[in-house]
Amino acid sequence: MRKISAARTATEEKYGRCRAVLRICADLPQSAAAPRFKKFEDIRLRDVGCSWSIVVRVDVKFPVQAHREIQHFILMDITGSKIEAIVRGTGISRFNMLLTQGCNYTVHEVRFQIENNVEFRNIDNPFECYFDNNTIVEPYTVPIQFPLYPRHTTSFSELEWCSNSTFVVGIVVHWGQLEYIGTFPDRKLYREVILMDKRRRLLVVGIWSKLLARHAISLPTAAANNQVILGTMLRINHKHRCLETSDHTVFGFNPAHRATDDLQSVRRLLATKSIGLSFVNRFLEHRWAYLATVV
């Protein structure tokens, strides 16, 4: 009988301690729960509306659109995947001060939503994220190297479906003449290059004065040696059927990127004259004939 009573007392004490622990856990604030981290590649439809944490670098910080009360950011995670972040209304001034282009952050209480307008074809899923009053931003101080270039690039064949900006990679096969576009005092330097992908499809990229000055040596060298160029945040010009550099464009020359593996083998064929480039001249003739009808 004494053994049964002792066992009952021990059991009651055990359950009493469990109930006390449960009460303490219930009284903890919501933020004490371990954050759930999400990589952009892993976002699924079931994740929409849920609260997540992300580790990112602010790749591009766009100016505030005062007339629409909205601000856009382009974020990159540690895999090189990118996504667009949106801030609206009263949160603009807060996040405009908190987030600096080129810096790394841990962001908590982030929510994803289905993207309304597919602006950036380099993102391999149809989602965007948004920050609100519950979002917490902390500096990320762990010494982890973020990728230099985006994980995804756009195929030349997909460019016609791009509505705004994109990332592309190709071999330089033509170096156009230097031109002046516009009238004084707003006249700007402009030069077009032609890129070729592994299927020998051609793409015109117009480079404005800012990038021409920044890469005054690298660009002519790339053209002379048929180097591989990766360009980010290029704008679509549907009227002139080309891409153009923007204020946020970055060029990489012969970058270490998975999209360049096949291009390097094509580049070697160009170096040995195994591939002729006469079709580039025919492409230019057709382009000039088209531009004569729209300019």
Side-chain angles (χ1 to χ4, degrees), residues 60 62-63 121-122 148-150 153-156 159-160 162 164-255 257 259-260 263-264 266-271 273 275-295:
V60 179
F62 292 100
R121 296 289 299 183
N122 59 293
L148 295 175
Y149 306 107
T153 57
T154 306
S155 169
F156 289 6
L159 288 174
E160 59 183 297
C162 295
N164 191 351
S165 300
T166 188
F167 302 167
V168 296
V169 59
I171 303 171
V172 182
V173 293
H174 177 75
W175 181 245
Q177 294 182 347
L178 193 63
E179 304 177 49
Y180 287 95
I181 304 297
T183 57
F184 186 83
D186 298 323
R187 191 167 59 171
K188 295 181 180 180
L189 287 174
Y190 178 82
R191 189 191 293 268
E192 290 187 343
V193 300
I194 296 181
L195 303 183
M196 182 178 73
D197 67 3
K198 62 182 180 181
R199 298 182 183 275
R200 304 188 191 182
R201 289 174 298 205
L202 302 177
L203 173 67
V204 178
V205 177
I207 306 174
W208 290 98
S209 52
K210 182 178 180 180
L211 269 294
L212 287 173
R214 183 184 302 171
H215 301 292
I217 297 177
S218 300
L219 282 170
T221 302
N225 298 288
N226 297 123
Q227 290 185 6
V228 176
I229 288 183
L230 188 152
T232 69
M233 299 302 295
L234 296 163
R235 297 178 300 192
I236 310 291
N237 187 328
H238 290 286
K239 180 180 179 180
H240 294 165
R241 297 180 181 177
C242 67
L243 299 181
E244 295 179 353
T245 57
S246 67
D247 292 338
H248 306 287
T249 296
V250 175
F251 281 140
F253 300 90
N254 285 332
H257 192 280
T260 66
L263 291 175
Q264 292 297 347
V266 177
R267 185 171 172 244
R268 286 191 289 271
L269 294 174
L270 286 173
K273 307 297 182 181
I275 297 178
L277 294 178
S278 58
F279 66 97
V280 177
N281 294 328
R282 293 194 297 270
F283 173 84
L284 284 170
E285 291 173 1
H286 288 298
R287 172 168 170 74
W288 291 334
Y290 168 76
L291 290 177
T293 65
V294 296
V295 175

Any sub-3.5 Å donor-acceptor pair from [X]'s side-chain atoms to [Y]'s backbone N or O?
X: R235; Y: T245; result: yes
X: H240; Y: C242; result: no
X: R267; Y: N226; result: yes
X: S209; Y: K188; result: no

Considering all heavy atoms of both residues, which atom of [X] and which atom of [Y] are nearest to each other, and what is their separation?
X: L219; Y: L211; answer: CD1-O, 4.0 Å
X: V173; Y: V280; answer: CG2-CG2, 4.1 Å
X: A222; Y: I229; answer: CB-CD1, 4.1 Å
X: F167; Y: P150; answer: CD1-CG, 3.1 Å
X: L263; Y: I171; answer: O-CD1, 3.4 Å

Using a 4.5 Å cut-off on heavy atoms from C-beta on, say whether the side chain of [Y] contacts that of [X].
X: L284; Y: I194; value: yes
X: M196; Y: F156; value: no
X: R201; Y: S155; value: yes

_When you compare the side chains of T249 and S246, does any donor N or O come within less than 3.5 Å of an acceptor on the partner?_
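Checked: T249/S246 side chains pair up, N/O donor to acceptor below 3.5 Å.
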_Worked check of ring-ring contact (aromatic ring centres under 6.0 Å, His included) between F253 and H215_ = CA-CA 10 Å; F253 300 90; H215 301 292; 5.2 Å; yes
I need the [X] [atom1] to [Y] [atom2] distance, nearest 0.5 Å.
X: L234; Y: T154; atom1: CG; atom2: OG1; result: 9.5 Å
X: Q227; Y: N254; atom1: CD; atom2: CG; result: 4.5 Å
X: L202; Y: R282; atom1: CG; atom2: CZ; result: 10.0 Å

